[in-house]
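Step one of this worksheet: look at the structure below.
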Amino acid sequence: MTNVDNEFVEDGIIEETEVNQCSSCGGNTVYDPVTRGLKCPFCGTEVEIEATRENTTEHDYLEALDQADHSWSNEKRVFKCENCGAETLLDNDKVADFCAFCGSSHIAVTQHDAGIKPALVLPFQISKEQAVEKFKKWISKRYFAPSRLKKDHELKKISGAYIPYWTFDSHTKSAYTVRIGTYYYVMETRTVHRDGKTEQVTEQVRKIRWRTEYGRYNKFFDDVLVKASRNVASGLIDKVEPFQLDGLLDYRTEYLSGFLAERYSIPLKEGWYSARGIIDQRIRNGILRKETGDEVQIVNVDTSYDGITFKHILLPLWISSFAFNNKIYRFLVNGQTGKVSGKAPISVWKVMFTILMIALVAGIVYLFQDVL
Ligand SMILES: [Zn+2]
Ligand SMILES: [Zn+2]
């Protein structure tokens, strides 16, 4: 990992809170993943958040740019990282000191629109302390890492960020052409040369008879999920999936209090192209299950996509990194399930030793295979 500024090494202060004033002391309350309510970090006062799941509004894809709710821009300002390009959303009166995704301090407010307001959010269920515990467990299990990694690594600041996703629904109608193969067997006689003599050998040979079939396949796809982020950590995000989407709740600004949100960097249209790719693959699998034959080959599928609707949703992620031997290694913790993914240093000696041991065991087995 390169381009990480030294500022990241310091415990940088990022003002990421929403304004939700505490009724007792006037401090800013933040969302607490443990109680799933708001909590005042100064006096401990807790406030419940009314969790609802009523938002069933699906935005029409084709009319999205006119109709989608852009009122988020009234709440949020967009900060852009000059280093990695990630855009972070913070409350209008807050300032970002560093980029949560790459650690750079080259981050400045932009005039960019906050974009389409999220419909649903999966609130954090893993607290910062729990995320650090998960990380410690993970790092202690890095078998190929240098032995001193466990105690000598330096944990950096950890940021809780909501990552943007798109989900799409669509009714699909497909007309398709397939080739269906049926096996049959014939006896064939051929000439072989054996020990200098010529012989006739008769044996059973498998052949395939092909026929072409036409069919229709209709299916409704619900909540096809695609990532709307291409931040520098997005390669690791796939490895902390899946998220349990039945935990999605109506978007409320309280859930973001004390956390960051990333602005989507994959536009709606591009998101739909990805979703369509997933849908097309599922249609092909469905056709292959429907058509029976010894072999089935898809020649052509022609699909119409009707009633395409979408939702913008936010999923929770802890983002951090650790330093070891003057190098920075990024890692992520799923904010709902606690699953960890990251890169860790590798000890060349441990890898070599393991390969040597495997080779040794294989060698012994080979030498003694007649005896055993
Ligand atoms: Zn308070
Ligand atoms: Zn960055």
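Each ligand, and each atom within it, is numbered from 1 in the order the structure gives. As the structure is a prediction and not an experimental result, all values here were calculated from the model.
Side-chain contact of Ser24 with Thr45: a donor-acceptor pair under 3.5 Å is present, judged by distance alone. In this model, a donor atom of one side chain and an acceptor atom of the other lie less than 3.5 Å apart for Tyr305 and Asp280. Between the side chains of Asn28 and Gln21, no donor-acceptor pair is found at a separation under 3.5 Å. Donor-acceptor pairing under 3.5 Å is lacking for the side chains of Gln200 and Thr189. Side-chain contact, Glu291 with Tyr176: a donor N or O sits under 3.5 Å from an acceptor N or O. Between the side chains of Asp250 and Thr52, at least one donor-acceptor pair of N or O atoms lies under 3.5 Å.
Considering only residues two or more places apart in sequence or on other chains, Thr177 meets the side chain to side chain donor-acceptor pair (under 3.5 Å) condition with none of them. Shown here are the ring-ring contact (aromatic ring centres under 6.0 Å, His included) partners of Tyr217, two or more places apart in sequence or in another chain: there are none.
Around the Zn ion (ligand 1), protein N, O or S atoms at less than 2.8 Å number 4.
Protein N/O/S atoms found under 2.8 Å from the Zn ion (ligand 2): Cys81 SG, Cys84 SG, Cys99 SG, Cys102 SG.
Residues Trp72 and Ile116 fail the side-chain proximity criterion, which asks for heavy atoms closer than 4.5 Å.
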